[in-house]
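Here's the structure we're looking at; comments come further down.
Please read all numbers here as calculations on a predicted model, not as lab measurements.
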Amino acid sequence: MIKDSLRGQVIETPSWAYGNSGTRFKVFAQRGVPRDPFEKLADAAQVHAFTGVAPQVALHIPWDRVDDYAALAAHASELGVRIGAINSNVFQDDDYMLGSVTHPDARVRAKALAHLLDCVDIMDATGSDTLKLWFSDGINYPGQDDIRARQDRLAEALGRVYERLGENQRFLLEYKLFEPAFYATDVPDWGTAYAHCLKLGPKAQVVVDTGHHAPGTNIEFIVAFLLREGKLGGFDFNSRFYADDDLMAGAADPFQLFRIMVEVIGGGGFTEDVAFMLDQCHNIEPKIAGQIRSVMNVQEATAKALLVDREALAAAQSAGDVLGANAVVMDAYNTDVRPLLAEVRTDLGLDPDPMAAYARSGYFEKIAADRVGGAQAGWGA
């Protein structure tokens, strides 16, 4: 049963992870980086080919803008992958300096809303069923704008998008504690996102980015609560040491990732209704290999969470056996699941060691030689 669950897992990789990225100080260019969305999909297909569980690729608009989105979706299918979530971008435009959908100027709000509705059109064209919304909107100084009025503007825009969604479409509302709004961010936490989604209905859900919390936040509690309310729509998996670092999932705190997956599985969230997406920037590590390692880290956390003896855990909890209950969880976490995952990959007809298999494939050397000239994809492209 555990092997079946692991074989059926779907982890979505982000198109932007294959482009050049960096810190606010420097973007480090690498050889072989894609020059257009079609090449991004080709790289994503490599991650799926070597892991067997990454068939979906998220797009970011306008970074992944093309003239024919149906052709892009067909290209993905030819490569053995499909288009996942469509991510909107209302933060990289001069008009959005004071906000997008919460901007005090109605003209700017209309421009931002038009982009969000365009993203739903792209969903229609690509077959995507998920729109991901993140807003950098907020204020830097007390008195800069009316906090309540901004919430009203946000609610109005979300309502318009919700009305435009098709029958089998949804949007996931992302929250972020701070940056670039340092005094008051308009969607700063899961409670704000949850409140807006609750008012709108079942097609509005919350996405949990594991890097968007204050230090010490119990993320698995948030996950358990949203699952209980039917409002957990998905994850943006990454790791953080200080803030929104966007490091590889499970790199900074693999135990936290495991604890999250324990709640996901225990709360009935290990289904296609909860999207397991990566949201990472590979600033110094190779792009494709970084995504493969990230997928493997999520797989390991999932496998360990599936190994938790739920009956023994429930018995210990019911008996008030504090140490016994904790031991059940720790026994699962301390299990080496790499042999199990090697078996799963072998069952799928894959090499049991995806990293080594990719290194032997020669794909990186090929794209490094072929992708010469043109503009490499990166932030803003």
Spell out, as yes or no, whether a donor-acceptor pair under 3.5 Å connects the side chain of Q376 to the backbone of Q30. yes
Look at the rings of F91 and W63 and say which category their plane angle falls in: under 30° parallel, 30 to 60° tilted, over 60° perpendicular. perpendicular
Closest non-hydrogen atom pair, P14 against Q291: CD-OE1, 3.1 Å
Does D236 pair with K176 as a salt bridge, N-O distance under 4.0 Å? no
How does the hydrophobic cluster around I147 look, that is, which other residues are in it when side-chain heavy atoms under 4.5 Å mark a link? I139, Y183
Remaining members of hydrophobic cluster (4.5 Å side-chain criterion), L177: F178, F182
Decide yes or no for E263 and F221: does some side-chain heavy atom of the first lie under 4.5 Å from some side-chain heavy atom of the second? no
Does F241 have any side-chain contact (heavy atoms from CB on, under 4.5 Å) partners at least two apart in sequence or in another chain, and if so, which? D245, L247, A252
List in chain and number order the residues that pass ring-ring contact (aromatic ring centres under 6.0 Å, His included) with H213, two or more places apart in sequence or in another chain; answer none if no residue qualifies. Y175
Side-chain contact test, heavy atoms from C-beta onward, threshold under 4.5 Å: evaluate it for D93 versus H115 and give yes or no. no
Establish whether F235 and M248 are linked, either directly or via other cluster members, by ILVMFWY side-chain heavy-atom contacts under 4.5 Å. no
Give a yes or no answer on whether the side chain of S294 reaches the backbone of G290 with a donor-acceptor pair at less than 3.5 Å. yes
Inspect the surroundings of NZ in K3 and state if more than 12 heavy atoms from other residues, nucleotides or ligands are less than 6.0 Å away. yes
Grab the two heavy atoms, one from D68 and one from A71, that are nearest each other, plus how far apart they are. OD1-N, 3.0 Å
Under 3.5 Å, is there a donor-acceptor pair between the side chain of R345 and the main chain of D353? no
At their closest point, which heavy atom of A85 faces which heavy atom of M277, and how far apart are they? CB-SD, 4.1 Å
Neighbour count above 12 (heavy atom, 6.0 Å) for E179 CD: yes
How about I284: does its CD1 atom have over 12 heavy atoms from other parts shown lying under 6.0 Å from it? no
Verify side-chain contact (heavy atoms from CB on, under 4.5 Å) between I11 and F237, making sure each step is shown before the conclusion. CA-CA 10 Å; I11 300 171; F237 281 131; 6.0 Å; no
Check: N297 side chain, A249 main-chain N or O, donor-acceptor pair, under 3.5 Å: yes
Donor-acceptor check, side chain of S128 to backbone of T130, threshold 3.5 angstrom: yes or no? yes
How many angstroms lie between atom CG of L158 and atom CG of L133, to the nearest 0.5 angstrom? 6.5 Å
At what distance, to the nearest 0.5 angstrom, does CG of L306 lie from CD1 of I2? 5.5 Å
Give the intermediate values and the outcome of side-chain contact (heavy atoms from CB on, under 4.5 Å) for residues T13 and Y18. CA-CA 9 Å; T13 69; Y18 302 100; 2.9 Å; yes
In terms of side-chain geometry, is the basic nitrogen of R153 or D137 positioned less than 4.0 Å from the acidic oxygen of its partner? no
At their closest point, which heavy atom of A76 faces which heavy atom of L41, and how far apart are they? CB-CD1, 3.9 Å
Evaluation steps, salt bridge (Lys or Arg N to Asp or Glu O under 4.0 Å), between R164 and D124: CA-CA 11 Å; R164 170 63 183 81; D124 293 339; 2.7 Å; yes
Using the ring-ring contact (aromatic ring centres under 6.0 Å, His included) criterion, which residues pair with Y96? Sequence neighbours excluded. none
Hphob cluster co-occupancy, F276 + V10, side-chain heavy atoms under 4.5 angstrom: no
Heavy-atom side-chain proximity of E174 to K132 below 4.5 angstrom: yes
How long is the span from the CG atom in L172 to the NZ atom in K203, to the nearest 0.5 Å? 13.5 Å
Under 3.5 Å, side chain of S77 to main-chain N/O of A74, donor-acceptor pair present? no
Note, H103 side chain near D95 side chain (heavy atom, < 4.5 Å): no
From I86 CD1 over to L116 CG, what is the distance, rounded to the nearest 0.5 angstrom? 13.0 Å
Side-chain heavy-atom pair R31, F364 within 4.5 angstrom cut-off: yes
Are W16 and D279 linked by a side-chain donor-acceptor pair shorter than 3.5 Å? yes
What pair of heavy atoms forms the shortest contact from G269 to L227, and how long is it? CA-CD2, 3.6 Å
Do V90 and F135 come within less than 4.5 Å of each other through their side chains, counting heavy atoms only? yes
Cluster link L226 to V207, ILVMFWY, side chain under 4.5 Å: no
Count the heavy atoms of every other residue, nucleotide or ligand shown that sit under 6.0 Å from CZ of R228, and state whether that count exceeds 12. no
Do L198 and L131 land in one hydrophobic cluster if side-chain heavy atoms of ILVMFWY residues count as linked below 4.5 Å? yes
Going through the distances and angles, do I61 and D118 end up as a side-chain contact (heavy atoms from CB on, under 4.5 Å)? CA-CA 9 Å; I61 308 300; D118 285 344; over 6 Å; no
Test your reading of the model: is there a side-chain donor-acceptor pair from N238 to the backbone of G211, 3.5 Å cut-off? yes
Stepwise, does the side-chain contact (heavy atoms from CB on, under 4.5 Å) test hold for D186 with Q151? CA-CA 7 Å; D186 290 330; Q151 289 298 311; 4.1 Å; yes
Main chain of Q256, side chain of E220: is a donor-acceptor contact present, judged purely on distance under 3.5 Å? no
Ignoring hydrogens, what is the shortest heavy-atom contact between S21 and N283? Give both atom names and the distance. OG-OD1, 3.1 Å
Within a 6.0 Å radius of atom CZ on R160, are there more than 12 heavy atoms belonging to other residues, nucleotides or ligands? no
Ignoring hydrogens and angles, tell me if any N or O in the side chain of T271 forms a donor-acceptor pair with the backbone of D273 under 3.5 Å. yes
In the hydrophobic clustering (ILVMFWY, side-chain contacts below 4.5 Å, transitive), which residues join V328, or is it alone? F255, F258, V262, V308, L313, V329, M330, Y333
Any side-chain heavy atom of V120 within less than 4.5 Å of one from F171? no
Which value, rounded to the nearest 0.5 Å, describes the distance between M1 atom CE and S5 atom OG? 6.0 Å
Kindly work out whether a path of hydrophobic side-chain contacts (I/L/V/M/F/W/Y, heavy atoms less than 4.5 Å apart) joins V274 to L173. yes
May I ask you to test the V161-L113 pair for a side-chain heavy-atom distance under 4.5 Å? yes
Main-chain N/O of G250 paired with S239 side-chain donor or acceptor, under 3.5 Å: yes
Measuring from atom NZ of K287 to atom CG of D43, what distance do you get when rounded to the nearest 0.5 angstrom? 11.0 Å
